[in-house]
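Data block below; observations after.
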Amino acid sequence: MLSSTTIAPLLLLLLHLVSALKQPNVVLLLADDLGWGDVPWHDARTIAPNLMDLASTGTIFDRYYVQPICTPTRGALMTGKYPSRLGLQHLVIGPDTPYGLPLNESILPEYMRKLGYSVHGIGKWHLGHCSWDHTPTKRGFDSFYGYFNGATDYYTKVLGAFTGPSGFDFRYNTLANSGKVKDDVLWSTNTTYSSYLYTQQAKHVISTHDKSKPLFLYLPMQNPHFPAEVPTQYYDMYEGIVKDKTRRTLLAMVTALDDIVKSVVDTLKDSGLWENTVFIFFADNGGQLGIFSIGQINYPLRGGKATYWEGGIRSASFIHSPLLQGGQVNGELMHVTDWLPTITHIGACGVEPTNCTGPELANIDGVNQWNTIIGQSKSARTEFLVNYDQEQNNAALRMGKWKLLQGNPGRGPWVPPPEINYRKYKENVLSTTPEEKVMDGWEFEIRGEQEIKAPWRTKLTDKVQLYDVESDPYEKHEVSKDNPEVVQQMLERLQVYKDAAVPPGNKPSDPNANPDNFGGVWTPWLETC
């Protein structure tokens, strides 16, 4: 007969095994156009205590990469495939362009539903809405609250298209039993700052969640994307901390985002869900530089959004969970395509190391990085395709420590925070024009009262560039002439990815999408597309 002293450890072991097999809740939050230097663990002036607490007591990813711009990152996240295999490698989906994430692709919310999850999306879609079949609740989400396009005004929820028309874009979608989307256009939200609305909806989804099922909550947030808008209460928090008004507004938008994080975490705790939740945070691309910048900073990384430089693709990111050991920095190579196999793995198998395999995911580019995340192994990848864009005739590849750029990777300045030198910061951001056919970059360092200025210029006509981004993470030293064998090897490998690519799916604007045809609302306008 077993004694009580023997039974107690056995019960603890049983409880541990049950816990190990339990499906965790997963919250995945994307910050839109957040720069490498816009987070508190890279700039202490950023007032975001909740993000800082989660990052510092979780695992910060130091070598995590995304696509250079919005739609491609979201497509890669949802499918586990490089955008060049989806037709999403060139620019973004416009509000009146009749294409989207291909309908023959199985995507992350569909997999999570099959694993028994309740699946909800709040925020920005930007993967196409030419037909209802392209919208979130037709692609696996139980509900979607937010906007279909790439941007809206934070208050009015109005977006003007590249071709001129403008319309309202904010709604709540569910799926009727008939399979038809129930589309509730939320006109009454047109005076409320959007982050308040996302907070309210997230709290509702969490507090009413059926606890007999695990929760997958996708939060592709609006902040801090253009336009530069933020309630005064956040702007005033930076009084005496940041002088530059543009930068101050941007950081205030990050603080507003931080309040969303606080509300989500607090509601998960109040609902008894937090202890079994995995919280993932990352930026969808680097911060916007140049004339369209609203104050983002990627410094000391080079370049920004829509470029293949590190400042465009290296994402500020972390993972946090009460289920995991925290307080560490993970320097292993990871890519946005890895989240599909990684999240579905823990959705099927739990968070503990196990021989369990997740759902079958055929023909994807992502790899399951869970053992890497929990410190059990090195990265499961040694390379990734940055992008291949046939329209722009450029490409980039990372292999080991090397990064190869072919064609024009985009402007590559090093833009420091404005307080380093406001005048030269403005000159650096605004001075270079396409006609100059150069990518201007200036690195500024302050040594006492002496400013050290170092110019780095790369002609756009240079066909191939090579950088050792492990020893030269700021991409100052182009070394292709010193490493011809590496260049040749990488060009051969790059060709494999080019051969697997499909043409960009971009299509011309369709005047039939004009919101004036639909009561002033951006909405699906085709049966099929």
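The first residue in the sequence is number 1, and the count goes up from there. Here the structure is a predicted model, which is why all the values come from computation and not from measurement.
Residue Val264 forms a side chain to side chain contact (heavy atoms under 4.5 Å, CB included) with just one option from Asp266, Ile260, Thr267, and that option is Ile260. When each of Lys403, Arg302, Arg63 is checked for a salt bridge (charged side-chain N to carboxylate O under 4.0 Å, His left out) with Glu310, only Lys403 meets the rule. Partner of Phe170 under the ring pair (Phe, Tyr, Trp, His ring centres under 6.0 Å) criterion, out of Tyr155, Tyr145, Tyr154: Tyr145 alone. For the side chain to side chain donor-acceptor pair (under 3.5 Å) with Tyr234, the qualifying choice from Asp259, Thr255, Asp258 is Asp259, the only one to do so. In summary, of the residues considered (Leu250, Asp33, Leu257), a side chain to side chain contact (heavy atoms under 4.5 Å, CB included) with Asp38 occurs for Leu250 alone.
Closest heavy-atom contact between Ile93 and Gly100: CD1-CA, 3.7 Å. Between Gly347 and Leu115, the shortest heavy-atom contact is C-CD1, 4.0 Å. Listed here is the closest heavy atom pair of Gln89 and Val502: NE2-O, 2.8 Å. Closest of all the heavy-atom pairs between Thr208 and His204 is OG1-O, 2.6 Å. Counting all heavy atoms, side chain and backbone alike, Leu54 lies closest to Val261 at CD1-CG1, 3.6 Å. Considering every non-hydrogen atom in both Ile69 and Leu91, the closest pair reads CG2-O, 3.9 Å.
For the pair Thr156 (side chain) and Val158 (backbone), a donor-acceptor distance under 3.5 Å is present. Asn285 places a side-chain N or O within 3.5 Å of a backbone atom of Cys70 that can act as its donor or acceptor partner. Between the side chain of Gln201 and the main chain of Tyr198, no donor-acceptor pair closer than 3.5 Å is present. Between the side chain of Thr354 and the backbone N or O of Cys356, at least one donor-acceptor pair lies under 3.5 Å. Ser315 places no side-chain N or O within donor-acceptor distance of the main-chain N or O of Ser317, the cut-off being under 3.5 Å. Side chain of Asn330 to main chain of Glu332: a donor-acceptor pair is present (N/O by atom type, distance under 3.5 Å, no hydrogens or angles). A donor-acceptor distance shorter than 3.5 angstrom exists from the side chain of Asn298 to the backbone of Gly287, with no hydrogens or angles considered. Judged by distance alone, the side chain of Gln67 and the main-chain N or O of Thr73 form no donor-acceptor pair under 3.5 Å. Under the 3.5 Å distance criterion, the side-chain polar atoms of Thr71 are matched with a main-chain donor or acceptor of His126. Side-chain N or O atoms of Asn25 include none that pairs as donor or acceptor with a backbone N or O of Trp274 at under 3.5 Å.
Under the 3.5 Å distance criterion, with hydrogens and angles disregarded, no donor-acceptor pair is assigned to the side chains of Glu383 and His335. Counting only N and O atoms by type, the side chains of Asn363 and Arg85 include a donor and acceptor under 3.5 Å apart. In this structure, a donor-acceptor pair under 3.5 Å is present between the side chains of Gln328 and Thr59. In summary, the side chains of Tyr64 and Trp339 do present a donor paired with an acceptor at a separation below 3.5 Å, with no hydrogens or angles considered. A donor atom on one side chain and an acceptor atom on the other are not found under 3.5 Å apart for Ser195 and Gln222.
Contact of the Arg381 side chain with the Met334 side chain is not registered, since no non-hydrogen atoms from C-beta on lie closer than 4.5 Å. Side-chain contact check for Pro95 versus Leu159: some heavy-atom pair is nearer than 4.5 Å. Between Pro353 and Ile374 there is a side-chain heavy-atom pair separated by less than 4.5 Å. Tyr497 places none of its side-chain heavy atoms less than 4.5 Å from the side chain of Tyr388. Put simply, the side chain of Thr307 does not reach to within 4.5 Å of the side chain of Pro68, judged on heavy atoms. A 4.5 Å side-chain heavy-atom check between Phe148 and Thr135 finds at least one atom pair inside the cut-off. Looking only at side-chain heavy atoms (C-beta outward), Val181 and Leu175 come within less than 4.5 Å of each other. Looking at Asp169 and Lys157, their side chains never come closer than 4.5 Å, going by heavy atoms from C-beta outward.
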Quiz item: Yes or no on side chain to side chain contact (heavy atoms under 4.5 Å, CB included) for Leu34 and Val39, after CA distance, side-chain angles and deciding distance?
Solution: CA-CA 8 Å; Leu34 181 75; Val39 292; 3.5 Å; yes
Exercise. Take Phe168 and Trp522, measure what ring pair (Phe, Tyr, Trp, His ring centres under 6.0 Å) needs, and give me the verdict at the end.
Key: CA-CA 6 Å; Phe168 186 84; Trp522 287 111; over 10 Å; no
Quiz item: Where do Phe318 and Phe61 land on the ring pair (Phe, Tyr, Trp, His ring centres under 6.0 Å) test, with the steps shown first?
Solution: CA-CA 5 Å; Phe318 68 81; Phe61 299 123; 8.4 Å; no
Quiz prompt | Trace of the salt bridge (Lys or Arg N to Asp or Glu O under 4.0 Å) decision for Arg171 with Asp183 | solution = CA-CA 7 Å; Arg171 65 236 302 148; Asp183 184 37; 3.1 Å; yes
Exercise. Apply side chain to side chain contact (heavy atoms under 4.5 Å, CB included) to Thr528 and Ser131, showing your working.
Key: CA-CA 6 Å; Thr528 59; Ser131 78; 5.8 Å; no
Practice problem: Please assess Tyr218 against His120 for the test side chain to side chain contact (heavy atoms under 4.5 Å, CB included), listing each intermediate value before the final yes or no. | Solution: CA-CA 6 Å; Tyr218 176 52; His120 301 274; over 6 Å; no
Practice problem: I would like to know whether Met221 and Ile122 meet side chain to side chain contact (heavy atoms under 4.5 Å, CB included); could you show each step before the answer? | Solution: CA-CA 7 Å; Met221 293 290 92; Ile122 301 171; 4.2 Å; yes
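The distance from the CG atom of Asp389 to the CG atom of Leu88 is 11.5 Å, given to the nearest 0.5 Å. Thr174 contributes atom OG1, which lies 12.0 Å from atom NZ of Lys180 (distance to the nearest 0.5 angstrom). Distance check, rounded to the nearest 0.5 Å: CG of Leu101 to CD1 of Ile107 gives 6.0 Å.
Judged by the 6.0 Å distance and 45° axis criteria, Arg74 is not positioned over the aromatic ring of Trp125. Arg113 forms no cation-pi arrangement with Tyr117, by the criterion of a distance under 6.0 Å to the ring centre and an angle within 45° of the ring axis.
Ring geometry for Phe281 against Trp41 counts as perpendicular: the plane angle is over 60°, on a 0 to 90° scale with 30° as the lower cut. Ring-plane geometry between Tyr65 and Phe384 is classed as tilted, the angle between the planes lying from 30 to 60 degrees on a 0 to 90 degree scale.
Within 6.0 Å of NZ on Lys262 lie no more than 12 heavy atoms contributed by other residues, nucleotides or ligands. At most 12 heavy atoms of other shown residues, nucleotides or ligands fall within 6.0 angstrom of atom CG in Asn177. No more than 12 heavy atoms of other residues, nucleotides or ligands lie within 6.0 Å of CZ in Phe226, so this atom counts as exposed by the packing criterion.
Every pair tested for ring pair (Phe, Tyr, Trp, His ring centres under 6.0 Å) that includes a residue from residues 88-115 fails, sequence neighbours excluded, so the list is empty.
For Arg247 and Asp43, the salt-bridge test passes: some basic side-chain N is under 4.0 Å from an acidic carboxylate O. Arg139 has no carboxylate O lying under 4.0 Å from a charged side-chain N of Asp133, or vice versa, which leaves the two without a salt bridge.
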